[in-house]
Structure formats: C-alpha cells, structure tokens
Amino acid sequence: MSMYFTKEHEWVKIDGNQATVGISAHAAHELGDITFVELPQVGKTVKQFDTLAGIESVKAASDIYAPVSGKVVAVNNKLEDAPELVNESAEEDGWICRLEVANAGDVSALMDAAAYAEYLKGLE
Amino acid sequence: MEDLKATPLREHHEGLKALMAPFGGWLMPIQYAGILAEHKWCREKAALFDICHMGEFLFQGDIVADGLDSVFTFSVQTIPVGRSRYGFLLNERGGVIDDLIVFRLAEDQVMIVVNAATIDNDFAVIRSRLKEGANLTDISERTGKLDLQGPLAREVLVEHFGPEIGTIPFFKFIKTSILGVEALVSRTGYTGELGYEIFIPAHKVVELWEHLLKDPRVAPAGLGARDLLRLEVGYSLYGSDLDENTTPLAAGLASFVNLDKEFVGKKALLEEQQRGAERVKVAFKVNSRRSPRHHYEIWQEDAAVGTVTSGAFSPMLGCGIGLGFVKPGASALGTKISIRHERVEMEAEVVELPFFTGGSLRA
C-alpha cells in the first residue's frame, strides 16, 4: 500500500483500486480542535482536486479536495459524533472516506511521504 | 506589520508553547493546550487568563461637578463604593464607542476598565466630555490584570490569599493584599462562571501568574477559549457584536442604558426608540455541529435578512451557536432561519440568551 499527499494537505492510501482519504496530521494540528466533518455522499463521483468534503475547527472552515478521481464507496461515520478523531489520529482512525479509483495515473500528480515532509519544511 | 504591544507575560506564554496572534494591537496567547480543553477546564475547574492588554483609567474628583456622571449610559454617581457597573460610551449617533465597566473606588475616585483596541480613543473621548482640568489618568501601563474564572476560582483564591475574597458578592470588589502589594479583586468576568478579575501592579503580574499556575486546580487559558466561553453565555464582543454603528438598543442591551439621565447619544436612542430599530440582535442555534462565523449571511426563506456577528461550535450544547443582526421581522423567538456562506448552508432557529445556563456565575 502506498501513501501520497497533496499540496492542500490531504493524504490518500492506495490499495488496489481502493483509495482511503484523510487530512494530514500537519493539517489537523494547524486547524486546531476539529468540531465538524462534512462527509461526502456515498456514490458521489469526483474529479481529482475537486471539492470532496468539508471540515470545521474552532478556528476555520476548510474544503477537502479529492486527491484522486473516483467514486465515493464508504465514509467514516464515526466522525459524525466524534470529529476529534481527526485530531487524535489524522492518518489512521480519522480517515474521511474511501474512493474507488477511476484513474491509477492520478498519483503522479501527488507527493510521496518524503516529498511531503520536504514540502512542509518549505512552508515553515 | 504594525508594532504589536506585549504584556509582561509574553515570554511565559511562549514558554508554555502558546499559539500567539495579534488581538486589538497586542500579541496575545490564543491557545495553550487547545481551545476546547481550556474551555472545559474553565467550566469545571479554574482557568487563568492574561488580560493585561485591557485598559484602565483613574478618575479623581467630583463625579457630578466634573461631568463624569453624563459620560456613560449609566450613572456613575449612584454606584455604591465597592461596586461596579457595566455600560457604554456612545457617540452622538448612539453608536457604541466602547463597552466598559466602572469601579467605584471611593466617593471621589473611580476606575474605568476598557477594551484594549479602544484605549487611546476612549481616553480622548472621555477627557473631552469632562470639565477642563478634571483629573483623568490612563493607568493601563502600570496596571496588570489576571482573570481567574471557574467553579474552583473562589476556593483557590481563598486558600492562597485569605478568606475575605470568599465574601465578595457578584459585581462587587475589595482591595486586599496579594503577594505583599495592594490588589483590587473583583467578582466579575467574561465566562459565565464564578470568577474574579485581579488588578495588580504590572511589575507583580509575572509573580502572581507563576504563583497561581503552581496550583493543580489552575491552568492557563487563551483568548480562543475566552471567546467561546463568553459566546455560550451570550456576552457581546466589542468589534464583532458591537461597534460605532450599532446602538445598545439594537444590540438588545437596553438594560445597561438609563434613559432617565443625560448622556451623549441619548437623543439618537430616543429617536431610534420612536421609529423602531432597523435591525435587531438575535441569538440562534444551528441544528448540527456546524459553526456559523462572523460575516456569514442570515436568510429567512428566500430573502437575506441579516449577518452573523459571532459564531462557534458550543461544546456545552453540542451544536453551532451564534449572534447576529436581522431585520425586525426575523427576530421573534422560534423563527426558522438559515445561515449561508458560499456552498455552506445550515438550518437554525432564533433562541433566547444565554445559550448555556449551567454556569457557576452566581454560586
């Protein structure tokens, strides 16, 4: 399984044609306490970098963009009552949704973990 | 970037890894452990806030003869010594130049506590309304202020500084010795909890901060938690919910305005009372965890009827809450409204204040 990141701080884990999506631990930390996650509709299709979901914290409201094109096949319903899971475990239990990948080549426009770590250094 | 002022505690905040940000011209701690954790600590224990940025003026003289009694929307002369009163400094149009608290220190002495961003203008306006030569001094620089707020605040202060603090009723204050200097301890605050505002010479602030933080019942809280705490009990924030174009009547704060006395802005308020306000304040609850935010639009059916001035997710209610101004037709309790911003839309209902009623304020 490979993990990739976007410049907007989403992560995606690719396992066959399934992609699990969330926001990075860095993004969760920057947002502060997360109070609401707007989950996408199961069945919705998105193009890469389209608005996929929304997230609100005590500080700000932000959009979450699709790291790859695809169809939403599952959402993390736990976040409805416990959005703080994103703060506690942004890159594991705080996943937001799963996509059926439409185009495996989309990942070429993303960063791997090492490139993302470099990218974060540049933002400091 | 403008030059930001800092309180004597700046290095202490940075040492606690606080997130610092500009507020009213000051570099202030927004959060330490996290806004929700600090909010919870204040509702359950005792939270310590650095409020040294706020301004204090000292007036010495004859309150009536020097003109101080007609400066604010309330009478200063009728405040008993040892008590304080909340109200407004208005412009000629009835708009709020600042909201403030006046402490009656003695028959001929009062302290006026004002917001940080408005210190210089407030001082100039108040001075201009007093008799020439009246004795008004800006003591903000030499005055430190720490707030200890929460259900355990009284037992903490009594244990550390003596039983007299435990006898102070709501909106009264005493002068007492703290760490070897004279301090003013007032039973007031901005959180809806039992709490105290401690005014102490600025050079003793660091010592008092360190002393109180050694107590395991006390934790520091930043301006982020303070904003959430005040919104849950419906207190207005100057600059968001109140400004020079908003009158206290429109803002639902008529109980802090005494129309039986003279003050600048009274004529405009009487006219507004006659013709009715063009917009009125509402409090509303959202039917989800979504947060309304400053400047979001308020809609009723298919018409935009107003604007949100404050909003947040309320941990105590488990939903979004907010304050805003709407056309009078949309202000009745129970009115269904929606809050809109770009692609976000949330359903809400006009409710009574305060949102949260379970606080220890009058305990």
Side-chain angles (χ1 to χ4, degrees), chain A residues 8-10 22-41 44-47 49-66 72 75-90 93-97 120 123-124, chain B residues 17-23 29-42 221-232 285-297 308 310-322 339-348:
Chain A
E8 302 288 339
H9 307 284
E10 291 89 9
I23 67 164
S24 73
H26 169 84
H29 180 76
E30 288 295 303
L31 283 168
D33 295 318
I34 288 160
T35 53
F36 177 77
V37 179
E38 180 195 7
L39 298 169
Q41 288 282 334
K44 172 181 172 164
T45 59
V46 285
K47 286 211 183 83
F49 305 134
D50 276 358
T51 302
L52 172 65
I55 193 158
E56 299 187 3
S57 76
V58 288
K59 289 187 214 147
S62 321
D63 287 332
I64 296 172
Y65 303 101
V72 178
V75 296
N76 185 358
N77 288 315
K78 281 188 190 159
L79 300 182
E80 285 175 8
D81 293 323
E84 62 272 14
L85 271 178
V86 180
N87 291 116
E88 290 160 10
S89 177
D93 298 344
W95 65 278
I96 289 165
C97 66
L120 290 182
L123 297 181
E124 274 169 12
Chain B
K17 302 260 183 284
L19 172 72
M20 305 290 285
F23 178 85
I30 302 305
Q31 65 171 54
Y32 307 85
I35 290 173
L36 296 186
E38 293 160 32
H39 163 277
K40 188 167 191 282
W41 193 277
C42 184
L223 295 185
R226 185 172 157 92
D227 188 48
L228 183 53
L229 290 156
R230 69 91 194 168
L231 182 59
E232 284 190 322
K285 261 163 79 169
V286 175
N287 74 347
S288 73
R289 295 176 59 105
R290 277 195 179 275
S291 300
R293 293 175 200 271
H294 192 68
H295 290 317
Y296 281 16
E297 293 174 347
V308 174
S310 283
F313 167 74
S314 161
M316 301 312 288
L317 278 77
C319 65
I321 57 173
I339 309 301
R340 299 187 192 176
H341 177 71
E342 295 172 356
R343 67 180 184 84
V344 169
E345 178 167 351
M346 47 193 114
E347 300 305 315

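All chains are named by letter (A, B, ...) in the order of the sequence lines, taking the proteins before the strands, and each is independently numbered beginning at 1. Because only heavy atoms are used, hydrogens play no part in the values below, and waters and symmetry mates are left out as well, while side chains stay in. What you see is a predicted model, and the numbers here were worked out from it, not measured in a lab.
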Next item on the list: Pick one of side chain, backbone, both or neither for A/Thr51, based on which atoms fall under 4.5 Å of a heavy atom in chain B.
Entry: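 Answer is side chain: those atoms of A/Thr51 sit under 4.5 Å from chain B.
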Name the region of [X], side chain, backbone, both or neither, that has any atom closer than 4.5 Å to a heavy atom of chain A.
{"X": "B/Leu19", "answer": "side chain"}
{"X": "B/Arg290", "answer": "both"}
{"X": "B/Glu342", "answer": "neither"}

Check: Under the side-chain contact (heavy atoms from CB on, under 4.5 Å) criterion, do A/Ser57 and A/Ile34 qualify, and how do the steps go?
Finding: CA-CA 4 Å; A/Ser57 76; A/Ile34 288 160; 4.3 Å; yes
Next item on the list: Indicate yes or no: does B/Asp227 engage B/Arg230 in a salt bridge with an N to O separation below 4.0 Å.
Entry: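 Salt bridge: yes.
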Next item on the list: Please determine if B/Arg343 and A/Asp63 form a salt bridge, counting it only when a charged side-chain N lies under 4.0 Å from a carboxylate O.
Entry: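 Yes.
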Next item on the list: With a 4.5 Å cut-off on heavy-atom pairs, point out which of B/Gln31, B/His341, B/Arg293 contacts chain A the most.
Entry: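 Between B/Gln31, B/His341, B/Arg293, the count favours B/Arg293.
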Notebook entry, point to check: How are the rings of A/His9 and A/His26 set relative to one another: parallel (under 30°), tilted (30 to 60°) or perpendicular (over 60°)?
Noted result: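 Ring orientation of A/His9 relative to A/His26: tilted.
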Next item on the list: State, to 0.1 Å, how close A/Ala28 and A/Val86 come at their nearest heavy-atom pair, and which atoms those are.
Entry: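 Heavy atoms only, the tightest pair is CB-O, 3.7 Å.
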Margin query: Taking every non-hydrogen pair under 4.5 Å, which of A/Glu56, A/Glu84, A/Glu80 racks up the most with chain B?
Written below: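 Of the candidates given, the most pairs with chain B belong to A/Glu56.
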